[in-house]
Amino acid sequence: NDSAIDFGTYKTFIIPDSVVQLGGGGITSTYNDLMLNSFINQLESRGYTRVYPTDTVTADLVALVSVTTAENYVYSYDYWAYWGWYGWGSYYPWGAGYSYYPYYTTYSFTTGTMFMNLIDVARSDTVNKKIASVWLGALNGVLESGNTSDKIINGVNQAFTQSPYIRTY
């Protein structure tokens, strides 16, 4: 957020009817409508009016939702499986000199991030292809296990709770 921006000067927004996929694998469109509607609901609850391409009213803001994923790999070394560690080998029936080799584990998990972007139409430069982003909210963990719907709704709500300046009044 640019602290010089007065969000009260904006009154309208336009939003594409799709979520932009920025990259990564395993991105599903299952939650696209929920992501878009959660963002729209927050903007409307703050006094902004949604406009459509067929309207005669122009939008002050472009609202964009995008997602990306990353595959994370974890390599772990389990010291507890190595009984010779901390000198424990002599306390067990197999005696000193007998010990297990260290135990290695490897696993991966996919994380997803949802981005919400507000772009000032008037400040954007279409000739030089530079956009004037005035706010960016990011919600991490949207693809991890658990209740994805609740994560999206609660995350979007929290982003706006942390941004009380986004309002028309």
Side-chain angles (χ1 to χ4, degrees), residues 1-76 106-169:
N1 168 43
D2 182 342
S3 61
I5 300 298
D6 178 5
F7 283 88
T9 62
Y10 305 119
K11 302 300 178 199
T12 58
F13 72 97
I14 192 166
I15 187 168
D17 60 358
S18 60
V19 173
V20 177
Q21 295 187 2
L22 298 175
I27 298 175
T28 176
S29 61
T30 304
Y31 298 100
N32 284 4
D33 288 342
L34 181 61
M35 290 178 187
L36 291 167
N37 290 330
S38 297
F39 193 25
I40 291 166
N41 291 341
Q42 280 296 327
L43 289 170
E44 290 177 340
S45 74
R46 302 291 182 102
Y48 298 99
T49 302
R50 183 179 181 183
V51 298
Y52 297 86
T54 56
D55 291 347
T56 57
V57 176
T58 58
D60 300 319
L61 295 168
V62 174
L64 297 175
V65 176
S66 55
V67 293
T68 187
T69 62
E71 189 72 22
N72 301 282
Y73 297 93
V74 177
Y75 303 97
S76 146
T106 303
Y107 60 94
S108 67
F109 60 96
T110 302
T111 57
T113 303
M114 172 186 164
F115 295 101
M116 299 167 286
N117 199 348
L118 292 175
I119 298 166
D120 183 333
V121 174
R123 293 178 56 201
S124 294
D125 181 353
T126 56
V127 174
N128 295 309
K129 299 180 181 178
K130 294 183 180 181
I131 61 170
S133 179
V134 293
W135 181 80
L136 178 67
L139 171 58
N140 291 316
V142 294
L143 292 182
E144 295 172 19
S145 63
N147 192 331
T148 302
S149 296
D150 284 347
K151 286 180 185 180
I152 292 168
I153 293 166
N154 294 335
V156 172
N157 292 346
Q158 184 60 37
F160 278 86
T161 297
Q162 292 176 357
S163 304
Y165 47 84
I166 299 177
R167 63 185 184 283
T168 61
Y169 45 87

How close do S124 and D120 get, heavy atom to heavy atom, and via which atoms?
-> OG-O, 2.8 Å
Here the gap from I5 atom CD1 to W135 atom CH2, rounded to the nearest 0.5 Å, amounts to 14.0 Å
Side chain of R123, backbone of V134: donor and acceptor closer than 3.5 Å?
-> no
Quick check: are there more than 12 heavy atoms from other residues, nucleotides or ligands sitting under 6.0 Å from CG of D150?
-> yes
Nearest heavy-atom approach of S163 to A159 is OG-O, 3.0 Å
Which atom names give the shortest non-hydrogen contact between P16 and L36, and what distance separates them?
-> O-CD2, 3.8 Å
For the pair Y48 (side chain) and R167 (backbone), establish whether a donor and an acceptor sit closer than 3.5 Å, ignoring hydrogens and angles.
-> yes
Would you call L118 and L43 a side-chain contact if the rule is heavy atoms closer than 4.5 Å?
-> yes
Measure from the side-chain N and O atoms of T69 to the backbone N and O of G112, and report whether any donor-acceptor pair falls under 3.5 Å.
-> no
Contact check, side chains of I166 and Y10, non-hydrogen atoms, under 4.5 Å = no
Could you give the distance from CD (Q42) to OG1 (T161), rounded to the nearest 0.5 Å?
-> 6.5 Å
Test item: V156 and M116 side chains (from C-beta on) under 4.5 Å apart, heavy atoms = yes
Verdict with reasoning, T12 to T58, per side chain to side chain contact (heavy atoms under 4.5 Å, CB included) = CA-CA 8 Å; T12 58; T58 58; 5.9 Å; no
S38 side chain vs N157 backbone, donor-acceptor pair below 3.5 Å = no
To the nearest 0.5 Å, how far apart are CG in L64 and CD1 in I119?
-> 4.5 Å
State whether the side chain of D60 and the backbone N or O of K11 hold a donor-acceptor pair below 3.5 Å, judged by distance alone.
-> yes
For S66 and L22, the nearest pair of non-hydrogen atoms, with its separation, is OG-CD1, 3.5 Å
Working for side chain to side chain contact (heavy atoms under 4.5 Å, CB included), residues L34 and S149 = CA-CA 7 Å; L34 181 61; S149 296; 3.7 Å; yes
T168 side chain to R46 main-chain N or O, any donor-acceptor pair under 3.5 Å?
-> yes
CD1/I152 to CG/N37 distance, rounded to the nearest 0.5 angstrom?
-> 11.0 Å
Approximate separation, where rounding is to 0.5 Å, of K151 NZ and N140 CG | 11.0 Å
Can you list the residues that meet the side-chain hydrogen bond (donor to acceptor under 3.5 Å, both in side chains) rule with N128, with sequence neighbours excluded?
-> D125
Would you mind reporting whether Y31 and V19 have side-chain heavy atoms less than 4.5 Å apart?
-> no
For the residue pair F39 and V65, what are the closest heavy atoms and their distance?
-> CD2-CG2, 3.4 Å
In this structure, CD of Q21 is separated from CG of N32 (nearest 0.5 Å) by 6.5 Å
